[in-house]
Amino acid sequence: HPVNIPRREKDFQGMLEYKKEDELKLVKNLILELKPRGVAVNLIPGLPAYILFMCLRHADYLNDDQKVRSLLTSVINSIKKILKKRGDDFETVSFWLANTCRFLHCLKQYSGDEQFMKYNTPKQNDHCLSNFDLAEYRQVLSDLAIQIYQQLIKCMENILQPMIVSGMLEHETIQGVSGVKPTGLRKRTSSIADEGTYTLDSILRQLSSFHATMCQHGTDPELIKQVVKQQFYIIGAVTLNNLLLRKDMCSWSKGMQIRYNVSQLEEWLRDKNLMVCGAKETLEPLIQAAQLLQVKKKTDEDAEAICSMCNTLTTAQIVKVLNLYTPVNAFEERVSVTFIRTIQNRLRDRKESPQLLLDTKTIYPVTFPFSPSSLALETIQIPSSLSLGFLTRV
Amino acid sequence: RPLPRPRILLKAPTLAEMEEMNLFEDEDSP
């Protein structure tokens, strides 16, 4: 019997050999039928990307351009296909965004381009592609990653959207601040909202769930920052738009409630070490609108203070909030027309769009900063759960 | 050490063109 001498790690070159006729099985098992909640949960982050890249390396090693082209086309088409099929599932989209980016980083890290080899170990440099320059395919993968990112934002927005108005505006977590006479029974505590309504906690839990999923998939930290910034933009824009359209939301107590909710969101950012990703800044218009609800609105000094404070709100938005402002009790007066005129005069030189509402469909441009991996390809083992027995470690 | 042979640039189709090259029947295509 041939003695099966277990080969030591160092004998492997970090490639995976496969037969041309197995290419379809490869993309079927590794892409089309892989369940992010199934076997994929136990994989090292980015494993599918590394496996696909190791197969690509072997096709390059054979100097077989047809095999390289065919594999890349199959991989890209399969990822697009799975996202067409399950593009409304956040986990699936997040999983393939992370793996598409990892695959793109591998193509750069092992391209042989000096600029992408700075952090490589000598062994990793030995593993660079030897025959083909895949710069054009990198561009196609980058285009695909942008499409997947936008799909992820849409997925996430569909989940977050129903929570925002209820959680950020309607649900009151600060007891009694609305000045409503407490009824005989103690008001419900903040965390138990009426059936079916969302609270601020619902939003925070959902943000944590998104964040945990992306981390589990090995999403680049720089990309997670961009996703979180986009999430906060959507929360801030939807909340402000509703405040600008609803008289019942423009009161001193609502201003207090909104500032409390924003502070909880900022706490969440701090907790996730995401204070510098630009997310907090996207809430600035909402913060200023909440402050506007709480400051005095009578004298010229008040007008001066408001004009210098509300530098991220348009004149139309400031005027709208002042018009909608509803005194919380009989002792307080409404904002006078004269005062609003004063504000408009002070702001008439501003060069700004007359638009009132923020565009909640705005998606910030996404970038995928190069993120090399320290993982040594020759050490990668393929779990049997992936049913890829037809691949041979080389 | 001999200079590495220059790598051959593989021309890539665009994402849309790749779609045409779909390698398997699109079950869910109408």
Side-chain angles (χ1 to χ4, degrees), chain A residues 20-21 23-28 31-32 56 59-61 63-87 100 107 110-114 117 125-126 128-148, chain B:
Chain A
K20 182 76 181 72
E21 58 268 24
E23 182 187 288
L24 228 42
K25 208 163 31 168
L26 171 62
V27 295
K28 225 172 177 64
I31 302 176
L32 295 171
L56 183 74
D60 167 80
Y61 167 75
N63 200 7
D64 183 339
D65 68 312
Q66 270 317 309
K67 197 171 189 186
V68 167
R69 288 178 201 280
S70 176
L71 177 63
L72 285 168
T73 303
S74 293
V75 166
I76 289 169
N77 278 338
S78 302
I79 292 173
K80 289 188 72 173
K81 187 177 168 75
I82 195 65
L83 290 174
K84 206 184 287 177
K85 200 175 268 180
R86 296 218 300 271
T100 301
L107 285 178
Y110 295 95
S111 62
D113 292 8
E114 291 293 325
M117 294 164 72
N125 282 336
D126 289 345
C128 281
L129 296 171
S130 36
N131 290 298
F132 299 116
D133 171 350
L134 301 179
E136 288 200 8
Y137 277 95
R138 294 202 304 256
Q139 184 52 53
V140 176
L141 272 162
S142 184
D143 296 344
L144 175 61
I146 291 171
Q147 285 183 9
I148 302 173
Chain B
R1 203 169 109 165
L3 277 177
R5 232 169 342 116
R7 295 175 181 82
I8 302 158
L9 175 66
L10 287 196
K11 303 298 287 170
T14 63
L15 269 179
E17 287 158 352
M18 273 191 191
E19 194 125 359
E20 266 65 69
M21 303 173 197
N22 224 344
L23 300 157
F24 26 69
E25 270 322 293
D26 215 356
E27 297 102 50
D28 48 5
S29 59

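Please read all numbers here as calculations on a predicted model, not as lab measurements. Here is the naming used below: chain letters follow the sequence lines, and residue numbers restart at 1 for every chain.
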> In terms of heavy-atom contacts, does CD of A:Glu114 have more than 12 from other residues, nucleotides or ligands at under 6.0 Å?
Replying inline: no

> Which region of A:Gln147, side chain (C-beta onward) or backbone (N, CA, C, O), has a non-hydrogen atom less than 4.5 Å from a non-hydrogen atom of chain B, or is it both or neither?
Replying inline: side chain

>> What part of A:Ile76 gets within 4.5 angstrom of chain B, counting heavy atoms only: side chain, backbone, both, or neither?
In response: side chain

> Looking at B:Glu19 and A:Lys84, does any basic side-chain N land under 4.0 Å from a carboxylate oxygen?
Replying inline: yes

>> I need the single residue from A:Asp143, A:Asn77, A:Leu141 that forms a side-chain contact (heavy atoms from CB on, under 4.5 Å) with B:Leu15. Which is it?
In response: A:Asp143

>> Looking at every non-hydrogen atom in both residues, tell me the closest pair between A:Leu134 and B:Leu10 and how far apart they are.
In response: CD2-CD1, 3.7 Å

>> Any heavy-atom pair between the side chains of B:Arg7 and A:Asn131 that's under 4.5 Å?
In response: no

>> Taking the side chain as everything from C-beta on, heavy atoms only, tell me whether A:Tyr137 gets closer than 4.5 Å to B:Met18.
In response: yes

> Just by distance, do the side chain of A:Arg69 and the backbone of B:Ala12 share a donor-acceptor pair under 3.5 Å?
Replying inline: no

> A:Val68, A:Leu72, A:Asp65, A:Leu129: which one forms the most heavy-atom pairs within less than 4.5 Å of chain B?
Replying inline: A:Leu129

> Roughly how far apart are A:Glu136 CD and B:Thr14 OG1, rounded to 0.5 Å?
Replying inline: 11.0 Å

